[in-house]
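Accompanying notes for the structure given below.
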Amino acid sequence: KNEVEQSPQNLTAQEGEFITINCSYSVGISALHWLQQHPGGGIVSLFMLSSGKKKHGRLIATINIQEKHSSLHITASHPRDSAVYICAVTLIQGAQKLVFGQGTRLTINP
Amino acid sequence: DTAVSQTPKYLVTQMGNDKSIKCEQNLGHDTMYWYKQDSKKFLKIMFSYNNKELIINETVPNRFSPKSPDKAHLNLHINSLELGDSAVYFCASSFDRGHEQYFGPGTRLTVT
């Protein structure tokens, strides 16, 4: 079982819908990251959070440390949001390496 | 200005060859990383350097050898390439360990 699990693995929605992607982890962490990978392949960091909630434009990320769970929400989704969204955690032990979830492929249809 | 750059973007080579991928960052970061993304898009850490010192060395065949000539550069040399080495390799950097990471565009390596 992977230390970081995301759900769903694939998500298709219509433009304008509210999107939620979930991430659960089973290890001690110092931070959680949400990354976006577009079809062209580049990876962009969307959020890094260790508690509470962060918002950037139409994107909102939340984390519940006690439940070891995070969610990424997209409001008023748009076809340009179509991408793979990857949850990753910074391990609290050792050299603080990143461990990744398997990604969620999001497709927003016009 | 490109923050984290990698060369080449695409690399096609035959089994048994030796190849290198170069990475440079102009962000003044202290920590750099190499990640491998397999055909299922799963990312995994390979190596990390902090101030030119190797701090993470995952279970990677010793055919892979990272080299950091200075804080701004982290290169990856691969000897005796195998079919299973085909993947996308991403370089990344961060201000320090545990900080937000900035990724390069990736190098798609195809071994035939």
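These values consider heavy atoms only, across backbone and side chains, with no hydrogens, waters or symmetry-generated copies. Chain letters run A, B, ... following the sequence lines, proteins first and then strands; every chain starts at 1.
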Are [X] and [Y] in one and the same hydrophobic cluster, where Ile, Leu, Val, Met, Phe, Trp and Tyr link if side-chain heavy atoms are under 4.5 Å apart?
X	Y	result
A/Ile43	B/Leu27	no
A/Ile60	A/Phe47	no
B/Met32	B/Met46	yes
B/Tyr102	B/Ile56	no
A/Val84	A/Leu106	no

If you round to the nearest 0.5 Å, how far is [atom2] of [Y] from [atom1] of [X]?
X	Y	atom1	atom2	result
B/Lys41	A/Gln37	NZ	CD	4.5 Å
B/Arg97	A/Thr90	CZ	OG1	12.5 Å
A/Gln96	B/Asp96	CD	CG	8.0 Å
B/Leu43	A/Leu98	CG	CG	9.5 Å
A/Gln9	B/Lys40	CD	NZ	9.5 Å

When the 4.5 angstrom heavy-atom criterion is applied to B/Tyr35 and chain A, the contacting part is side chain

- Query: Would B/Glu58 and A/Lys97 count as a side chain to side chain contact (heavy atoms under 4.5 Å, CB included) if you check the C-alpha gap in whole Å, the side-chain angles of each, and the deciding distance to 0.1 Å?
  - Reply: CA-CA 10 Å; B/Glu58 288 293 287; A/Lys97 69 176 185 180; 2.8 Å; yes

query: Has B/Lys22 got more than 12 heavy atoms of other residues, nucleotides or ligands less than 6.0 Å from its NZ?
result: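 No.
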
Heavy-atom nearest pair, A/Phe100 first then B/Phe42, reads O-CE1, 3.4 Å

**Report entry** Shortest non-hydrogen contact from B/Glu100 toward A/Ser45
**Finding:**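 Taking every non-hydrogen atom into account, OE2-OG, 2.9 Å.
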
> If contact means a heavy atom pair closer than 4.5 Å, which residues of residues 64-95 of chain B contact chain A?
Replying inline: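 The list, in residue order, reads B/Phe90.
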
Q) Hey, are the side chains of A/Leu35 and B/Phe103 touching, using non-hydrogen atoms and a 4.5 Å cut-off? A)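 Yes, at least one pair of side-chain atoms sits under 4.5 Å.
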
- prompt: chain B heavy atoms under 4.5 Å from A/Ile86: which part of the residue, side chain, backbone, both or neither?
  reply: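 For A/Ile86, the side chain is the part near chain B, not the backbone.
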
